[in-house]
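In what follows, a structure is listed as structure tokens, so that the remarks can point back to it.
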Amino acid sequence: LRVDLSTRQARAEALREGEVKALLGGRGLAAKYYHDEIGPEVEPLSEENKLIFMTGPVTGLRLPTSTKFQLATRSPATGIYLCTNSSGDFGPYLKRAGFDGLIVEGRAEAWTYVSIRDERVEFHDAGPLLGTSTSECQRALKKAAGAEGAAPGSPGPKGAAALSIGPAGERALALACIGVDERFFGRGGPGAVMGWKRLKGIVVQG
């Protein structure tokens with residue numbers, strides 16, 4: 001799933017089968033998309049930088065550690081390639097919604113959050129969420145999606161997973177993390193990239 005914050009449009013595209021077989025996991029695929037789409041001249045805090053979230057072949061299966069998924073972007077802390085991973089329910093729910101990966105592009109005109117429910121993608125005003133912590137924001141996103149109080153991992157419309165930034169990300173500080181169901185993409189400052197894009201959070205159902 002490719003989401004463009006500048007145009008508020010989303011589209012699905014097929015993974016390249018040869019790359020899936022050669023690179024296998026989410027980390028390899030995320031690195032390949034980074035290599036192909038983020039040139040050496042791209043600044044971390046710029047419209048051309050992207051957030052590339054990618055699951056692996058066992059993400060979401062009922063196996064140990066299968067909730068892990070990957071993020072690649074250009075780091076505002078180092079200025080170079082960043083690979084970081086997180087657990088939490090977001091990766092499995094992204095798979096349930098029908099997607100192996102999510103690439104976020106562009107920059108929103110105003111603070112935005114994105115909701116994904118199966119194959120439907122919507123853009124929402126995130127102004128009222130500004131200043132909230134990652135946990136507070138995720139609870140609010142799940143409530144808005146009608147998933148408040150659902151047990152973790154619940155399938156169907158009652159369950160949801162979310163990721164978000166807090167005040168540090170809103171200010172594009174290079175230490176900012178992205179929270180994922182009380183876990184984090186913790187190194188390299190990816191929360192700053194998300195904040196610069198004026199993306200407060202993403203909620204997914206499937």
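Position 1 is the first residue of the sequence; numbering continues from there. Please read these numbers as outputs of a predicted model, since none were measured by experiment.
Under the 3.5 Å distance criterion, the side-chain polar atoms of K95 are matched with a main-chain donor or acceptor of G56. Here the side chain of T134 pairs no donor or acceptor atom with the backbone of S164 at under 3.5 angstrom. A donor-acceptor pair under 3.5 Å is absent between the side-chain atoms of R117 and the main chain of V203, judged by distance alone. A donor-acceptor pair under 3.5 Å is absent between the side-chain atoms of E170 and the main chain of K200, judged by distance alone. A donor-acceptor distance shorter than 3.5 angstrom exists from the side chain of D4 to the backbone of S6, with no hydrogens or angles considered. Side-chain atoms of T55 come within 3.5 Å of backbone atoms of D100 as a donor-acceptor pair (strictly under, hydrogens ignored). A donor-acceptor pair is defined here as one N or O able to donate and one able to accept, closer than 3.5 Å; no such pair exists between the side chain of Q205 and the backbone of A160. Counting only distance, with no hydrogens or angles, the side chain of R74 and the backbone of N49 share no donor-acceptor pair below 3.5 Å.
Aromatic pair F53/Y33: ring centres not closer than 6.0 Å.
The neighbour count for E109 CD, taken as heavy atoms of other residues, nucleotides or ligands under 6.0 Å away, does not exceed 12. Dense packing is recorded around CZ of R16, with more than 12 heavy atoms of other residues, nucleotides or ligands lying under 6.0 Å away. The number of heavy atoms from other shown groups lying within 6.0 Å of CD (E136) is above 12. With a 6.0 Å radius and a threshold of 12 heavy atoms from other residues, nucleotides or ligands, E122 has its CD atom above the threshold.
The only option from L102, L71, L5 that meets the side-chain contact (heavy atoms from CB on, under 4.5 Å) definition with L51 turns out to be L71.
Note that the CD atom of E48 and the CD atom of E41 stand 8.0 Å from one another [nearest 0.5 Å]. Y34 OH to Q70 CD: the interatomic distance, rounded to the nearest 0.5 Å, is 15.0 Å. T112 contributes atom OG1, which lies 11.0 Å from atom CD1 of I202 (distance to the nearest 0.5 angstrom). Note that CD of Q9 is 13.0 Å distant from CZ of R2, once rounded to the nearest 0.5 Å. Atom NZ of K21 and atom CG of L23 lie 13.0 Å apart (nearest 0.5 Å).
No salt bridge links D89 with R96; every basic N to acidic carboxylate O contact stays at or beyond 4.0 Å.
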Report task. Mind running side-chain contact (heavy atoms from CB on, under 4.5 Å) on V193 and L82 for me, showing each step along the way? Result -> CA-CA 11 Å; V193 178; L82 169 65; over 6 Å; no
Query - Chi angles and distances behind the side-chain contact (heavy atoms from CB on, under 4.5 Å) call for F90, R183 - result: CA-CA 10 Å; F90 194 94; R183 278 80 167 178; over 6 Å; no
**Report entry** L94 vs F69, side-chain contact (heavy atoms from CB on, under 4.5 Å): CA-CA, chis, key distance, verdict
**Finding:** CA-CA 10 Å; L94 190 64; F69 68 120; 5.7 Å; no
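Considering only heavy atoms from C-beta on, V3 comes within 4.5 Å of F123 through its side chain.
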